[in-house]
Enquirer: 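Got a structure for you, written out below as structure tokens; questions coming shortly.
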Amino acid sequence: MDAPKISESEWAVMEVLWDASPRTASEIAKTLRKKTSWAENTVRTLLTRLVEKGALDEAGSPKLYTPAVQREDCVRAESESFLERIFQGAAKPLLVHFAKNARLTPDEVRELKRILDQSTETKT
């Protein structure tokens with residue numbers, strides 16, 4: 001199954017469930033209340049949307065929610081969508097922009113170089 005397209009608000013709900021699940025709507029709302037001012041009904045609306053999109057499974061009484069998709073699959077889908085929308089699918093302009101504008105530590109630069117080197121080795 002492809003990862004569904006999820007909104008920023010839905011992403012916040014998914015993060016709670018990727019962190020620990022299954023959870024009830026009340027538990028999710030309580031966790032999100034620390035970061036947002038959302039009412040429980042708002043969280044329930046988001047949960048309903050996520051179930052309809054196939055991002056969440058629900059079972060039991062009270063309903064327990066569990067991710068139906070892996071976080072990494074959603075990150076990959078979001079990354080591909082962003083790359084296509086902003087950089088017309090080309091990775092080089094994204095990487096150049098990132099390298100020029102991100103505040104990277106020397107360790108992060110070394111790690112990125114290592115990853116890029118590995119990427120080119122596996123493609124040859």
Enquirer: Should I28 and R44 count as side-chain neighbours, where that means a heavy-atom distance under 4.5 Å?
Expert: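 No, side chains not in contact.
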Enquirer: To the nearest 0.5 Å, what is the distance between NZ (K63) and OG1 (T48)?
Expert: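 The OG1 atom of T48 is 6.5 Å from NZ of K63, to the nearest 0.5 Å.
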Enquirer: List the atom of A68, the atom of G54, and the distance in Å for their closest heavy-atom pair.
Expert: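 Closest heavy-atom pair between A68 and G54: CB-O, 3.3 Å.
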Enquirer: Ignoring hydrogens, what is the shortest heavy-atom contact between L32 and A12? Give both atom names and the distance.
Expert: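 For L32 versus A12, the nearest heavy atoms are CD2-O, 3.8 Å.
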Enquirer: Considering all heavy atoms of both residues, which atom of V43 and which atom of A25 are nearest to each other, and what is their separation?
Expert: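 So the two residues come closest at CG1-O, 4.2 Å.
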Enquirer: Which atom pair, heavy atoms only, marks the closest approach of S21 to T66?
Expert: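 Between these two residues, the closest heavy atoms are OG-CG2, 4.0 Å.
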Enquirer: Check W18 against V69 and note the closest heavy-atom contact, atom names and distance.
Expert: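 Answer, listing the atom of W18 first, then V69: NE1-O, 3.0 Å.
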Enquirer: Which pair of heavy atoms, one from E40 and one from S26, lies closest together, and at what distance?
Expert: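 Nearest heavy atoms, E40 then S26: OE2-OG, 2.9 Å.
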Enquirer: Going only through I, L, V, M, F, W and Y residues with side-chain contacts under 4.5 Å, is there a path from L50 to L64?
Expert: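 In one cluster with L50: L64, no.
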Enquirer: Do you reckon L94 sits in the same ILVMFWY cluster as L112, going by side-chain contacts under 4.5 Å, direct or chained?
Expert: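 No, L94 and L112 fall in different hydrophobic clusters.
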Enquirer: Report, one line per pair, each donor and acceptor closer than 3.5 Å where one atom sits in a side chain of residues 77-88; sequence neighbours left out.
Expert:
unit_1 : atom_1 : unit_2 : atom_2 : d
S79    : OG     : V75    : O      : 2.8
S81    : OG     : R85    : NH1    : 2.7

Enquirer: To the nearest 0.5 Å, how far apart are CG in L17 and CG in L47?
Expert: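 If I round to the nearest 0.5 Å, the distance is 7.0 Å.
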Enquirer: Take R114 and D117 through the salt bridge (charged side-chain N to carboxylate O under 4.0 Å, His left out) test and state the conclusion after the steps.
Expert: CA-CA 5 Å; R114 185 188 65 74; D117 288 343; over 6 Å; no
Enquirer: Taking the side chain as C-beta and beyond, is there a heavy-atom pair between R23 and Y65 under 4.5 Å?
Expert: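 Sidechains of Y65 and R23: no contact.
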Enquirer: Is the count of non-hydrogen atoms from other residues, nucleotides or ligands lying under 6.0 Å from E111 atom CD greater than 12?
Expert: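 For E111, atom CD is crowded (more than 12 foreign heavy atoms under 6.0 Å).
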Enquirer: Assess the residue pair R71 and E15 against the criterion (side chain to side chain contact (heavy atoms under 4.5 Å, CB included)); give the C-alpha distance rounded to whole Å, side-chain angles, the decisive distance to 0.1 Å, and a yes or no.
Expert: CA-CA 8 Å; R71 185 181 191 283; E15 287 287 2; 2.8 Å; yes
Enquirer: Supply the atom-to-atom distance I115 CD1 to Q118 CD, rounded to the nearest 0.5 angstrom.
Expert: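 Here the interatomic distance stands at 7.0 Å.
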Enquirer: side-chain hydrogen bond (donor to acceptor under 3.5 Å, both in side chains) with S7: which residues, sequence neighbours excluded?
Expert: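 Applying side-chain hydrogen bond (donor to acceptor under 3.5 Å, both in side chains) to S7 gives E10.
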